[in-house]
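Reading through the structure tokens given below for one structure.
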Amino acid sequence: MAVAGRMAPIADRNAPLARRNPVAKLGAAAVLALALVVSLDPVGPAVALVVELFAVPFFGIRYGALARRMWPLLISVAGAEVTLLLFAAEREHIVASALALGLRLLAVALPGVLVFATTDPTDLADALVQNARVSPRFAIGTLAAWRLVPLLGDEWRLINAARRARGVEGGRNPVARLRLFASASFTLLVGAIRRGTRLATAMDARGFDSGARRTSARTQRFVRADAALVAGACALAALAVGASVGSGAFRPLFS
Amino acid sequence: MSTVRLRGFGHRHAGRRRWAVRGVDLEIADGERVALLGPSGAGKSTLLAALAGLLPPESGEREGTVEIDGEEPRAVRDRIAMVFQDPQSQLVMERAGDDVAFGLENRGTPGELIRPLVEDALRRVRFPYPYERRTHALSGGEQQRLALAGALVTGPGLLLLDEPTANLDPAGAALVREVLAGIDGTTQIVVEHRIAELTSQLDRVIVLEPGGGIRADGPPARIFAEHGERLAADGVWVPGHPVPAHPPRVPAGEPLLHARSLTHEPVFTADALPEVTVRAAEAMAVVGPNGVGKSTLALMLGGLLVPGGGRVEATGALAGADDAMPPHKWRARALAARIGSVFQNPGHQFVTAKVRDELALGGAEAARVDELLGRLRLDALAEANPHTLSGGEQRRLSVATALAAAPRLLVLDEPTFGQDRRTWSELVVLLAQLRDEGHGVVAVTHDPDFCAALGARELRLGVRRLAAV
Amino acid sequence: MQANSQSTATSANRWRTVDIVVAAVIGAAFGVIFWAWNALWDGAASVIPLPGRAVIYGVWLIPAVLGPLVIRKPGAGIFCELVAASVATLFGSPWGLVTLLYGVLQGMAGEFGFAFTGYRVWRWPTAVAGGALAGVAASLLDNALYYASNSTAWQLIYAAIVVVSSAVVAGLGSLALTKSLAQTGALDPFPSGRERAAV
Ligand SMILES: Nc1ncnc2c1ncn2[C@@H]1O[C@H](COP(=O)(O)OP(=O)(O)OP(=O)(O)O)[C@@H](O)[C@H]1O
Ligand SMILES: Nc1ncnc2c1ncn2[C@@H]1O[C@H](COP(=O)(O)OP(=O)(O)OP(=O)(O)O)[C@@H](O)[C@H]1O
Ligand SMILES: [Mg+2]
Ligand SMILES: [Mg+2]
């Protein structure tokens, strides 16, 4: 199943950084992303990207697996580059601008990909509730809906099988096929909403909306190593911005 | 333990003109074990939902009162547990143990107490896998067992079960009954169509009257002795009232389909099925425990799933000029004209927004559509949306879509689950008719009565060892 | 959709379980769709160069409008967009956490369209306003993040196309989608689905 395949973990859960608290990982990635979007120069992102790539094995991910997961990103970056080359405002620094754009997109995206590739959704929801004070109803409600996502792949297969069994098909006519695709997507959405409704009823039947203070069977801890990860991300952000200012390349986003 | 009291209770679903249940007066005492019976569509599931406090005001119109221990069900929900008709959409969490823990967490049970309670509940339902087992990798029967553990773990005063054994193999169903028999001090209300094996552990049966009110109420032995005849005629499955058999009137005819060494890893393995031939004018029943791959086989025979290995070959009698091609390569229209498939989950079958349109889709004549609607007791629902039907009504409609199109071969996945005695017999008659007219019928089923009534040849799929987690 | 269905008392603003789960399901479904859409955006559709390609941009913003139209609760737009963004990220969306940033900001901008009327009007003007505002947020972010080095004129044209596309595709498109969904009975638990004839 394509969908299930993309959800499958590609990381070793016990690697030193993969094991960190999901909130810490998310915080660290957010700090980096914010620090890197404020400048348009290539120096800061280059520094950050080198360190990030160096950190990949500590997340328990092999470079090959990472590359397979990230190929859509590379295509998108290529698209943005083409647009830039066609429509750039100042043509003299065009190569530097293009380089900066590519580095920046990669350096911003990589931490997020690492976080999600190494984090179990249940752990994330637990940590958001226990360590970041997110409303348990929203966190757990979303988690429950999230569990339906891999099932959508099976559902898609069955919807199309059902149409075939009933003699409905597009054949070789592209317009008919597109319409069939649209109607199957609509059926998928309807089915997902119905399933969500039934799931919500089942959750309420088990006391989800009782208003009692919710406890958790699983404990997520925010320990010193987690704080260290966030601190490390801040240091890297400072290093990257410092390098770009120090080298004189700094070009603020809004100037 | 909990008491239940209904006074003039009625509920009409939003978007419906008819009341689903009405005029129900009922008292159930502490610790009673009750079976709630009634024809399909009589409002059993609706009544259970009301008892669980799961019919909010916006879901429709309400009459009368419902009290659990003298209070609104919503207010005492932590004393109530419910197992739903559809196991798949009641599992909330990714890991089996976490799912059982869900109800405890919602009640604020301290974290360190949860794990032992969960382990205990899993043991009680004899859940065969570890705590970490992924819930979506369970077969229907295993999911049902897990749902039961999730309901038991909170030690409810009132346990509501909506057809808890409908999709289970006989062993799984026996296990559920055994678990229910072992629970003390809980008021149990079970909705179930086939209660023959359950009667010994019941204190009372209540039969809902479809138009409103209650038809019969009392100890099972007395009710079945006094009203058995009449209830059976109305469609209730009364133990000891056999259903008429419809053995084949003509000998099995020419072969329609050969399946050779079909596999679909990892579900349906090489040793499952060496070779099988489906013949005209013959019914074949595919039986076997939950999760062996019966539905997978049905999809492959129906030309809807590409076999992982092996081949499906249609003969000229079924495929005409297309007999060189396996069914999964046929054009959809040709496939639908030759092989009719009914999915295990009826919801997957529906492609239109109205019951009548569903039946007419295959090009059936209006007269035939009306006949089927009437015989399967769907005529009052002809304009309803298929997805708003009751469990049994959805099942009938999905089977009726295949009957309306009447292709040469029918492949039906659990065609009779959730049916009352009357609609069940009607389905058997319709299928027997098609069979005697020379159609081939393949039915995946857990229902021995169904196999017996059709005189079906059995194809038994063996036990398969599941991979861990 | 009926003309200005009124949301009742303040308790109507409390999210029920079904609101949370269905909003999240809609978000998640669009997360999957985005993942496929991404491939189209950077693949087949890239034969039309930007800014022209932006005419189909509105698809990205459907959850920001569809969520509020279906759920009719404050915050539904942000929530749906956030879930869609996180599912897309989970699938290895190109943009990682940036997707989340987009989700929050687009959702918030779209919310304003409905907040202006105190979450009481659910007809085309609010839907179009919501779509357009979400488009404004998206084009601002795009111009800052990806096209900062492009000429100002280019950025303005790009923004205009994105906003119009969002108003039409996300605004009117979501309205039509909500109507079709209500027809199927799937929205029966919501105020948006309770306007069908009885059978
Ligand atoms: N969500 C719904 N919307 C509209 N009508 C409904 C809905 N659920 C059930 N109904 C209708 O209410 C009636 C009673 O349904 P219910 O599910 O309670 O029947 P049941 O006795 O459980 O039947 P079965 O044995 O087939 O499961 C049926 O006619 C059904 O079509
Ligand atoms: N897409 C899938 N991916 C992984 N496992 C699957 C998939 N589909 C089904 N399974 C598993 O394969 C096994 C066989 O499934 P199948 O539905 O064919 O069994 P079945 O014999 O019809 O069972 P039941 O009697 O419970 O309906 C089950 O354990 C099921 O969980
Ligand atoms: Mg029912
Ligand atoms: Mg099956």
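To find a chain, count down the sequence lines: A is the first, B the second, and so on, and within it residues start at 1.
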For this session: Under 4.5 Å, counting heavy-atom pairs only, tell me which of A:Leu148, A:Asp120, A:Ile140 racks up the most with chain B.
Result: A:Asp120
Exercise. Do any of residues 226-234 of chain A come closer than 4.5 Å to chain B, heavy atom to heavy atom, and if so which ones, in number order?
Worked result: none
For this session: Sort out for me which of B:Asp78, B:Ile114, B:Leu299 touches chain A most, counting heavy-atom pairs under 4.5 Å.
Result: B:Ile114
Exercise. Is the shortest heavy-atom distance from the side chain of A:Glu52 to the side chain of A:Leu32 under 4.5 Å?
Worked result: yes
Exercise. Under a 4.5 Å cut-off applied to non-hydrogen side-chain atoms, are B:Leu158 and B:Arg79 in contact?
Worked result: no
Problem set entry | Over all atoms of both residues, closest heavy-atom pair of A:Ser216 and A:Asp126 | OG-OD1, 3.9 Å
Exercise. Who in residues 159-166 of chain A is close to chain B, using a strict under-4.5 Å heavy-atom cut-off?
Worked result: A:Ala161, A:Ala162, A:Arg163, A:Arg164, A:Ala165, A:Arg166
Problem set entry | Part of B:Val76 lying under 4.5 Å from any heavy atom of chain A | neither
For this session: Taking the side chain as every heavy atom from C-beta outward, state whether B:Val342 and B:Leu410 have any atom pair closer than 4.5 Å.
Result: no
For this session: Give, as side chain, backbone, both or neither, the part of A:Leu158 having an atom under 4.5 angstrom from any heavy atom of chain B.
Result: both
For this session: Look at B:Glu112, B:Glu94, B:Met93 and state which one has the largest set of heavy-atom pairs under 4.5 Å with chain A.
Result: B:Met93
Exercise. Do we get B:Arg115 above B:Tyr131's six-membered ring, with its NZ or CZ under 6.0 Å from the centre and within 45° of the axis?
Worked result: yes
Problem set entry | Heavy atoms of other groups near A:Tyr63 OH, more than 12 under 6.0 Å | yes
Exercise. Between B:Arg74, B:Arg95, B:Arg107, B:Met82, which residue shows the highest count of heavy-atom pairs closer than 4.5 Å to chain A?
Worked result: B:Arg95
Problem set entry | Heavy-atom pair with the smallest gap, counting every atom of B:His264 and B:Gly308 | CD2-N, 3.8 Å
Problem set entry | B:His387: partners by ring pair (Phe, Tyr, Trp, His ring centres under 6.0 Å), with sequence neighbours left out | B:Phe350
Exercise. Does any non-hydrogen side-chain atom of B:Ile80 lie less than 4.5 Å from one of B:Leu51?
Worked result: no
Problem set entry | Greatest number of heavy atom pairs closer than 4.5 Å to chain A - which of B:Ala336, B:Ala49, B:Gly103, B:Ser89 | B:Ser89
For this session: Determine the option with the most heavy-atom pairs under 4.5 angstrom with chain A, choosing from B:Arg77, B:Glu105, B:Gln349, B:His348.
Result: B:Glu105
Exercise. Where along residues 195-214 of chain A does a heavy atom come under 4.5 Å of chain B, listed by residue number?
Worked result: A:Arg195, A:Arg198, A:Leu199, A:Thr201, A:Ala202, A:Met203, A:Asp204, A:Ala205, A:Arg206, A:Gly207, A:Phe208, A:Asp209, A:Ser210, A:Ala212, A:Arg213, A:Arg214
Exercise. Should A:Arg147 and B:Val92 count as side-chain neighbours, where that means a heavy-atom distance under 4.5 Å?
Worked result: no
Seminar exercise, completed: Whatever's closer than 4.5 Å to a heavy atom in chain A on B:Phe84 counts as side chain
Problem set entry | Nearest-0.5 Å distance, CG of residue A:Asn21 to CD of residue A:Gln220 | 5.5 Å
Exercise. Within a strict 4.5 Å, meaning less than it, do heavy atoms of the B:Leu359 and B:Thr401 side chains meet?
Worked result: yes
For this session: Counting only heavy atoms closer than 4.5 Å, note whether B:Gln85 contacts chain A via side chain, backbone, both or neither.
Result: neither
For this session: Please tell me if the side chains of A:Leu49 and A:Leu110 come closer than 4.5 Å, counting only heavy atoms from C-beta onward.
Result: yes
For this session: For the pair B:Leu48 and B:Leu161, evaluate side chain to side chain contact (heavy atoms under 4.5 Å, CB included) and give the outcome as yes or no after the intermediate values.
Result: CA-CA 8 Å; B:Leu48 277 200; B:Leu161 304 119; 5.9 Å; no
For this session: Indicate the atoms forming the closest heavy-atom contact of A:Val115 with A:Ala29, along with that distance.
Result: CG2-CB, 3.8 Å
Seminar exercise, completed: One option among B:Val83, B:Thr109, B:Leu104 has the most heavy-atom pairs under 4.5 Å with chain A, and it is B:Thr109
For this session: State whether a side-chain donor-acceptor pair under 3.5 Å links B:Ser295 with B:Gln344.
Result: yes
Seminar exercise, completed: Applying a strict 4.5 Å limit to non-hydrogen atoms, the region of B:Leu305 in contact with chain A is side chain
Seminar exercise, completed: Closest non-hydrogen contact found for A:Leu53 with A:Pro57 is O-CD, 3.8 Å
Problem set entry | Non-hydrogen side-chain atoms of A:Val56 and A:Phe59 separated by less than 4.5 Å | no
Exercise. Non-hydrogen atoms of chain A under 4.5 Å away: do they reach the side chain of B:Asn345, the backbone, both or neither?
Worked result: neither
For this session: State the CG-OG distance between B:Leu54 and B:Ser45, to the nearest 0.5 angstrom.
Result: 12.0 Å
